[in-house]
Amino acid sequence: VQLQASGGGLGQPGGSLSLSCVASGSIINIALMGWYRQAPGKQRELVALVTNGGRIRYADSVKGRFTISRENAKNTVWLQMDSLRPEDTATYYCYADLVYRSPSGRMESSYWGPGTLVTVSS
């Protein structure tokens with residue numbers, strides 16, 4: 001199983017960026033998928049999560065500015081980031097809590113993508 005993220009980069013304050021993440025491998029079901037972020041010198045923190053049933057949780061700091069969405073059939077999650085602020089600068093990590101097929105049978109585990117940098121600066 002792998003998580004591959006794309007997007008991010010440099011954005012201006014008040015601007016927009018987007019991220020996407022695709023999970024691949026012998027996946028049976030992804031119960032939870034979303035994004036965390038880690039700014040320099042800080043702990044990793046939740047940004048947004050969405051269940052396979054469509055329930056969403058946002059960090060208070062991004063509510064009303066960021067929008068998470070997913071397509072279960074494509075094992076893909078997106079994060080639309082609007083009204084960017086300098087404090088949104090961080091490495092963003094895709095996360096998935098999923099069930100997959102292994103030689104031992106059905107297994108459940110959590111996976112992290114490799115991280116993608118988002119920098120908000122004028």
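Quick caveat, the model's predicted, so the values are computed rather than measured.
Within the 3.5 Å criterion, the main-chain N or O of Ile68 finds a donor-acceptor partner in the side chain of Tyr58. Not a single donor-acceptor pair under 3.5 Å links the side chain of Arg44 to the backbone N or O of Gln38. Side-chain atoms of Ser61 do not come within 3.5 Å of backbone N or O of Ala59 as any donor-acceptor pair. Although no hydrogens or angles enter the test, the distance criterion places no donor-acceptor pair under 3.5 Å between the side chain of Thr119 and the main chain of Thr89.
One hydrophobic cluster holds both Ile56 and Leu98 under the rule that ILVMFWY side chains link at heavy-atom gaps under 4.5 Å. With hydrophobic clusters built from ILVMFWY side chains whose heavy atoms lie under 4.5 angstrom apart, Val50 does not share a cluster with Trp112.
When all heavy atoms of Arg37 and Tyr92 are compared, the pair lying nearest together is NH1-OH, 2.9 Å. Looking at every heavy atom in both residues, Tyr100 comes nearest to Ser109 through CE2-CB, 4.0 Å. Nearest approach of Leu3 to Gly113, heavy atoms of both residues: CD1-N, 3.6 Å.
Under a 4.0 Å N-O distance rule, the pair Lys63/Asp60 qualifies as a salt bridge.
Taken from OG1 in Thr51 to CG in Leu32, the straight-line distance is 7.0 Å, to the nearest 0.5 Å.
In this structure, Glu71 and Trp78 have side chains that are in contact, with non-hydrogen atoms separated by less than 4.5 Å. Contact annotation: the side chain of Ile30 approaches that of Asn75 to within less than 4.5 Å [non-hydrogen atoms, C-beta and beyond]. Side-chain atoms of Arg85 and Val120, non-hydrogen and from C-beta on, never get closer than 4.5 Å to each other.
When ring centroids are compared, Trp35 and Phe66 stay outside the 6.0 Å threshold. Ring centroids of Tyr36 and Tyr95 are separated by less than 6.0 Å, placing the two rings close together.
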For Arg101 and Met107, run side chain to side chain contact (heavy atoms under 4.5 Å, CB included): C-alpha distance rounded to whole Å, both residues' side-chain angles, the deciding distance at 0.1 Å, then the answer. CA-CA 6 Å; Arg101 297 181 187 87; Met107 301 290 287; over 6 Å; no
Given side chain to side chain contact (heavy atoms under 4.5 Å, CB included), test Arg57 with Leu46 step by step and report yes or no. CA-CA 9 Å; Arg57 176 184 175 187; Leu46 168 73; 3.3 Å; yes
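When each of Leu79, Val77, Thr116 is paired with Cys94, the side-chain contact (heavy atoms from CB on, under 4.5 Å) condition holds for Val77 and for no other.
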For residues 6-28, tabulate all N or O donor-acceptor pairs below 3.5 Å that involve a side-chain atom, not counting sequence neighbours.
from, atom 1, to, atom 2, distance (Å)
Ser6, OG, Ser20, OG, 2.7
Ser16, OG, Asp82, OD1, 2.6

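Within a 6.0 Å sphere centred on CD of Gln43, heavy atoms belonging to other residues, nucleotides or ligands number 12 at most.
Applying the salt bridge (charged side-chain N to carboxylate O under 4.0 Å, His left out) rule to pairs touching residues 17-30 yields nothing, sequence neighbours excluded.
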